[in-house]
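In what follows, a single structure is set out as structure tokens and then discussed.
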Amino acid sequence: MANANVAQNTYLVALQQGMAKDWEIESNLAELAELAADAGLHVVDSFVQKRNYPDPGTFIGKGKALELAEVVEEGDLVIFDDELSPAQQGNLSDLIEAPVIDRTQLILDIFAQRAQSNEGKIQVELAQLNYLLPRLTGRGTALSRLGGGIGTRGPGETKLETDRRRIRRRIRDLKADLEKVRKSRALQRRGRERNAIPIVALVGYTNAGKSTLLNALTNTDVYVADRLFATLDTTIRRWELKEGRWVYLSDTVGFIRKLPHTLVAAFQATLEEVTYADLLLHVIDASHPHSDEQIEAVHKVLAEIGATQPVISVYNKSDLVPHRLEVRSPDQAVSARTGANLARLTEAVYNFFAAEYTIRDYFFPFPELGEAHQLRERAHVLAEEFTARGVVIKAEVDEQTASIMSAFEK
Ligand SMILES: Nc1nc2c(ncn2[C@@H]2O[C@H](COP(=O)(O)OP(=O)(O)OP(=O)(O)O)[C@@H](O)[C@H]2O)c(=O)[nH]1
Ligand SMILES: [Mg+2]
């Protein structure tokens, strides 16, 4: 990998405001530590300050910042769990005399490391530039201080130093590129709509097991890893619910608490796939100690992107917590790894769409056998019988197929 840095010593900082509970802060920090480790950093220690509201100049109190300055050495990195204003970021790095970044920038950086596809790269760069733009104004020092390593990946140093006008132009170009991506996606989508095959989208917190589930259900082999944000792109596969009855199943980028707005905005082309699905499968890591907060975070992002479709909750990794799930989960408890209960999940999805199907009887005279073939492609055939004059087929069809085939109905 390009990132051959020696793991940089890193300190994490969180502000415990108002009603925030201890465990909440702890779980946020644990997740931040995981993100940092995923980015190749070495977390040394973390600091929490209780305050009713953030200091407008330094986010944490100035005294606490000076305390940090005592501990942090040159070349170390400090990461705040909340988004800092450009001024706060500048003041803090001046006070602490080390680069200071926030959760948003760390997540952007991880996305930059992971982005593989052209579309992913465009979206990440767009998010990074939108994040950087306000931070370039007036406060050049805060950025030049960052030096190499984390927080400077992506647009690259030379680009950071160029004026805002060039960045704005780049943003415009990237948006134009993305518009092309969206248009071609819309075209593909229209193709799928013409076939009237329903689309089911996997959504969920990062690392919940969405890609593993896609692989298990559709017998494919997309990338799976025990790391945050293993998937950044949308993959779509055919999933056979029952003989002759297909849906499309799509896998996409996972969500996280405090998902940066710049990312949500930039990843619109990718996330849009979710909003066009007919049904969402919300994959939950049932073994995670904070699965409830993760569920909440997913609901928030779904609301933010305007996804309002019906949802089936899928409690995954049941192999790790078999007993807890029996008690807690009235929904689907499955294991993408062992395959437990996947048949039941498949049936639930089938039943969801079954209401749209009707059973009809058709007759195709021999000269029209081509049409019979088309019906077999589009529908679940229940019975088929050849007669002296042609073929009789009983099939379960969706509305569109019913209307296309109406001429052959008995
Ligand atoms: N024990 C167990 N582990 C699982 C199960 N499903 C997935 N995993 C593991 O959980 C980790 C994350 O799985 P992924 O499928 O990459 O998760 P994802 O939701 O696609 O994650 P992102 O793409 O990062 O959002 C991997 O190490 C998987 O092997 C399961 O049912 N049981
Ligand atoms: Mg994935």
Side-chain angles (χ1 to χ4, degrees), residues 31-32 34-40 106-117 119-120 123-124 200-237 239 249-260 263-264 267 270-271 273-274 277 280-291 293-295 297-298 300-302 305 307 311-326 328-329 331-346:
E31 186 174 83
L32 189 65
E34 205 180 327
L35 284 163
D38 264 10
L106 179 62
I107 293 175
L108 288 174
D109 217 278
I110 292 174
F111 270 63
Q113 281 181 9
R114 304 273 200 275
Q116 295 284 338
S117 70
E119 177 181 342
Q123 292 180 122
V124 172
V200 180
L202 294 163
V203 296
Y205 212 76
T206 179
N207 210 43
K210 298 176 293 299
S211 302
T212 310
L213 194 58
L214 178 91
N215 286 339
L217 293 171
T218 66
N219 239 320
T220 44
D221 196 15
V222 308
Y223 179 62
V224 165
D226 191 11
R227 68 199 315 198
L228 304 177
F229 301 116
T231 307
L232 288 194
D233 297 312
T234 300
T235 306
I236 193 151
R237 294 279 186 274
W239 176 19
L249 184 63
S250 79
D251 178 26
T252 193
V253 56
F255 304 157
I256 195 165
R257 266 173 282 178
K258 305 182 190 176
L259 190 65
L263 263 182
V264 176
F267 270 71
T270 298
L271 292 170
E273 293 291 313
V274 169
L280 306 182
L281 295 187
H282 177 181
V283 183
I284 296 154
D285 178 351
S287 73
H288 198 282
H290 297 295
S291 55
E293 288 83 67
Q294 299 191 337
I295 291 169
V298 169
K300 251 183 167 159
V301 180
L302 287 177
I305 63 174
V311 178
I312 294 180
S313 298
V314 181
Y315 289 81
N316 189 35
K317 308 197 187 181
S318 64
D319 54 302
L320 299 177
V321 280
H323 302 300
R324 203 163 91 201
L325 281 179
E326 273 161 29
R328 272 198 37 165
S329 148
D331 291 88
Q332 305 288 330
V334 306
S335 169
R337 179 168 287 176
T338 67
N341 260 339
L342 293 188
R344 212 175 71 187
L345 172 63
T346 306

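Numbering of ligands and ligand atoms starts at 1, following listing order. Quick caveat, the model's predicted, so the values are computed rather than measured.
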Fill in: Within-cut-off N or O pair, Asp251 and ligand 1, under 3.5 Å
no

Is there an N/O/S atom in Thr231 that lies less than 2.8 Å from the Mg ion (ligand 2)? yes

Per-atom filter on ligand 1: closer than 4.0 angstrom to a heavy atom of Thr206 are 22 (P), 24 (O), 25 (O)

Given side chains that start at C-beta, do those of Glu119 and Thr234 come closer than 4.5 Å, heavy atoms only?
no

For Asp319, the ligand 1 atoms with a heavy-atom partner under 4.0 Å come out as 1 (N), 2 (C), 30 (C), 31 (O), 32 (N)

For ligand 1 and Lys210, I'd like to know whether there is a polar contact (N/O to N/O, distance under 3.5 Å). yes

Task: side chain to side chain contact (heavy atoms under 4.5 Å, CB included) between Tyr223 and Asp251, worked out - done: CA-CA 11 Å; Tyr223 179 62; Asp251 178 26; over 6 Å; no

Worksheet item: Going by heavy atoms in the side chains, are Val283 and Val334 under 4.5 Å from each other?
Response: no

Requested in this report: Using distance alone, decide if ligand 1 has a nitrogen or oxygen within less than 3.5 Å of any nitrogen or oxygen in Ser318.
Outcome: no

### Query
For ligand 1, is there an N or O atom under 3.5 Å from any N or O atom of Val334?
no

Atom 21 (O) of ligand 1 has as its nearest protein heavy atom Asn207 N, 3.0 Å

I'd like to know if the side chain of Gln123 pairs up with that of Thr270 as donor and acceptor (distance under 3.5 Å, no hydrogens or angles considered).
yes

min-distance protein heavy atom vs atom 24 (O) of ligand 1 -> Ala230 N, 2.7 Å

Ranked by distance from atom 6 (N) of ligand 1, the top protein heavy atom is Asn316 ND2, 3.1 Å

Per-atom filter on ligand 1: closer than 4.0 angstrom to a heavy atom of Gly254 are 25 (O)

Exactly one candidate in Asp319, Asn316, Asn341 meets side-chain hydrogen bond (donor to acceptor under 3.5 Å, both in side chains) with Ser335; the answer is Asp319

Determine whether Leu280 and Leu302 satisfy the following criterion, side chain to side chain contact (heavy atoms under 4.5 Å, CB included), listing intermediate values before the conclusion.
CA-CA 10 Å; Leu280 306 182; Leu302 287 177; 4.1 Å; yes

Atom 29 (O) of ligand 1: closest protein heavy atom, distance to 0.1 Å, is Arg337 NH2, 2.8 Å

With heavy atoms and a 4.0 Å threshold, my read on which part of Asp226 contacts ligand 1 is both

No-hydrogen, no-angle side-chain donor-acceptor test under 3.5 Å, Asp226 and Asn207: yes

message = Less than 3.5 Å apart, any donor N or O on the side chain of Ser117 or Asp233 sitting next to an acceptor on the other?
response = yes

Inset, instruction - Decide whether an N or O pair under 3.5 Å exists between Val253 and ligand 1. - result: no

Leu320 heavy atoms within 4.0 Å reach ligand 1 at atoms 1 (N)

Paired with Thr206, the side chain to side chain contact (heavy atoms under 4.5 Å, CB included) test is passed by just one of Val298, Ile256, Leu35, namely Ile256

| message | Please determine whether a side-chain nitrogen of the Lys or Arg among Glu31 and Arg257 lies less than 4.0 Å from a carboxylate oxygen of the Asp or Glu. | response | yes

Contact between Thr231 and Val222 at the side-chain level, heavy atoms closer than 4.5 Å - yes or no? no

Smallest heavy-atom separation, Pro260 atom then Ile107 atom, equals CD-CD1, 3.9 Å

| request: Determine, using heavy atoms of Ala225 and all atoms of ligand 1, whether some pair is separated by less than 4.0 Å. | output: yes

In this structure, atom 8 (N) of ligand 1 is nearest to the protein heavy atom Lys317 CE, 3.7 Å

Near the Mg ion (ligand 2), is there an N/O/S atom from Ser211 that is less than 2.8 Å away?
yes

Among non-hydrogen protein atoms, atom 31 (O) of ligand 1 lies closest to Ala336 N, 3.0 Å

Per-atom filter on ligand 1: closer than 4.0 angstrom to a heavy atom of Arg227 are 24 (O)

Nearest heavy atom to atom 26 (C) of ligand 1, choosing from Asp285, Val224, Leu228, Leu232, belongs to Val224

Are Lys317 and Asp285 ion-paired here, with the side-chain N under 4.0 Å from a carboxylate O? yes

If you scan protein heavy atoms around atom 17 (O) of ligand 1, the nearest is Gly209 N, 3.1 Å

Honestly, for Thr212 the part within reach of ligand 1 (heavy atoms, under 4.0 Å) is both

Within 4.0 Å of some non-hydrogen atom of Phe229, the atoms of ligand 1 are 24 (O)

Check your understanding: Would you say the side chain of Val224 lies within less than 4.5 Å of the side chain of Arg337, judging by non-hydrogen atoms?
Key -> no

